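Here is the structure we will look at.
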Amino acid sequence: RMKKICLFSGTSEGRELAFSLARYEAELIVCTATGYGGSLSASPRARVCAGEMDCSEVERFFEREKFDCVIDATHPHARAVTQNIRDAASAANVKCFRVLRGLPAPDSDAVCVRSASEAAAYLSARNGRIFLATGSRSLAAFAELADRIVARVLPRSESLRECEAIGLTPAQIIAMQGPFDEKENDFLMERYPCEWLVTKQAGQRGGTDAKIASAKRRGMGVVLILSPETEGESPSAVLQKVVREYKLARREQNGI
């Protein structure tokens, strides 16, 4: 039978891998947390499953679909999601590959922390407005600093609800789709002047470098939430391993 592959996608690497795998003779199911993410990862010949799943739901999903392998290309900061995938794959005795982007060393001028809570604790002892560019999932950790925050989040109803939950007003919310280049960051940081930038370590692809460069030009302090993961392989390395291990044949050029 045709090999069956599950790809959990939540990054640009995941989207690229979805399109690369579609070039091979395999049944591909792409899982994303949101419908929006699913639309970005809707590669040819792939079935998209959108919606968050807890560990037990992932286990039932694996049991029902009986995959040959699972690829985790979720965001490096989505620790709980990755752990759920690993635990479920282990329970189902399915091999799991982890895709992880290579990250440069942190900026030497940045204050490096391990979590959003640690970033909030650091800034609670310091004055100044905060340009929060970590995504809406991190907002709860900054609830006590809400009156000092400008939050840049995705333009989705869920993101806006999370902003409202900690008391942010419309004047404190930038609802835009990134990543942003330095010129775009310059404009927004000029429009919403702050003394601090909080961002996640996500490399050039995630827009981290551009955010930090713009912040430093304005003399802002930078608080960088480090990636919790160090073990994983590039999309191309994972693709090569999957193709070789499962002997996937290329589709005809006009087959996509």
Side-chain angles (χ1 to χ4, degrees), residues 8-19 30 32-43 50 52 73-79 81 99-104 106-107 110 113 115-116 119 129-142 149-164 166 168 170-218 220-229 235:
F8 284 85
S9 178
T11 58
S12 58
E13 289 89 350
R15 293 191 288 274
E16 290 178 10
L17 193 51
F19 279 82
V30 179
T32 61
T34 65
Y36 175 73
S39 67
L40 294 178
S41 299
S43 67
E52 295 185 353
T74 58
H75 198 279
H77 287 267
R79 287 176 282 188
V81 176
V99 175
L100 198 62
R101 68 180 53 153
L103 297 175
D107 186 276
V113 297
S115 67
R129 278 163 56 87
I130 302 162
F131 193 98
L132 189 60
T134 59
S136 62
R137 297 294 178 87
S138 303
L139 285 173
F142 295 88
I149 286 173
V150 173
R152 189 165 69 190
V153 299
L154 285 172
R156 298 189 296 122
S157 58
E158 297 93 331
S159 301
L160 296 178
R161 282 196 293 269
E162 288 169 322
C163 289
E164 292 169 354
I166 69 165
L168 298 188
Q172 294 175 274
I173 302 169
I174 306 170
M176 296 177 67
Q177 168 68 43
F180 303 88
D181 60 25
E182 287 188 33
K183 185 176 181 180
E184 292 165 328
N185 281 302
D186 285 342
F187 172 80
L188 291 172
M189 291 180 186
E190 180 73 27
R191 173 67 177 80
Y192 299 90
C194 293
E195 284 69 47
W196 295 94
L197 165 69
V198 182
T199 187
K200 292 178 178 178
Q201 184 187 25
Q204 185 174 0
R205 283 192 173 211
T208 302
D209 297 352
K211 282 182 277 190
I212 291 177
S214 294
K216 290 176 71 173
R217 275 198 294 274
R218 295 188 58 78
M220 296 167 62
V222 177
V223 179
L224 181 66
I225 302 174
L226 297 175
S227 172
E229 287 192 86

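What's counted below: heavy atoms across the whole structure, side chains too, no hydrogens, waters or symmetry copies. Since this is a predicted model, take the numbers as computed values, not measurements.
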Let me confirm one number: the [atom1]-[atom2] distance from [X] to [Y], rounded to the nearest 0.5 Å.
X	Y	atom1	atom2	value
I173	L132	CD1	CG	11.5 Å
T134	K211	OG1	NZ	8.0 Å
T208	I225	OG1	CD1	10.5 Å
Y192	I149	OH	CD1	15.0 Å
L154	L160	CG	CG	10.0 Å
L139	E164	CG	CD	11.5 Å

If only atom types and distance count, is the side chain of [X] paired as donor or acceptor with the main-chain N or O of [Y] below 3.5 Å?
X	Y	value
E195	M220	no
S214	K183	no
S159	P155	no

Report yes if some heavy atom in the side chain of P193 is under 4.5 Å from a heavy atom in the side chain of R218; otherwise report no.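 Counting from C-beta outward, P193 and R218 do come under 4.5 Å.
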Taking all atoms of both residues into account, what is the closest heavy-atom pair of [X] and [Y], and its distance?
X	Y	value
A119	V198	CB-CG1, 4.2 Å
V30	A18	CG2-CB, 4.1 Å
A151	L168	CB-CD1, 3.7 Å
A116	F142	O-CZ, 3.7 Å

Criterion side chain to side chain contact (heavy atoms under 4.5 Å, CB included) against F131, the qualifying member of V222, T199, L197: L197
In sequence, state the C-alpha distance, the side-chain angles, and the governing distance for R191 and I174, and then conclude on side chain to side chain contact (heavy atoms under 4.5 Å, CB included). CA-CA 11 Å; R191 173 67 177 80; I174 306 170; over 6 Å; no
N-O pairing of E184 and R152 below 4.0 Å: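 Salt bridge absent between E184 and R152.
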Salt bridge (charged side-chain N to carboxylate O under 4.0 Å, His left out) with E182: which residues, sequence neighbours excluded? R217
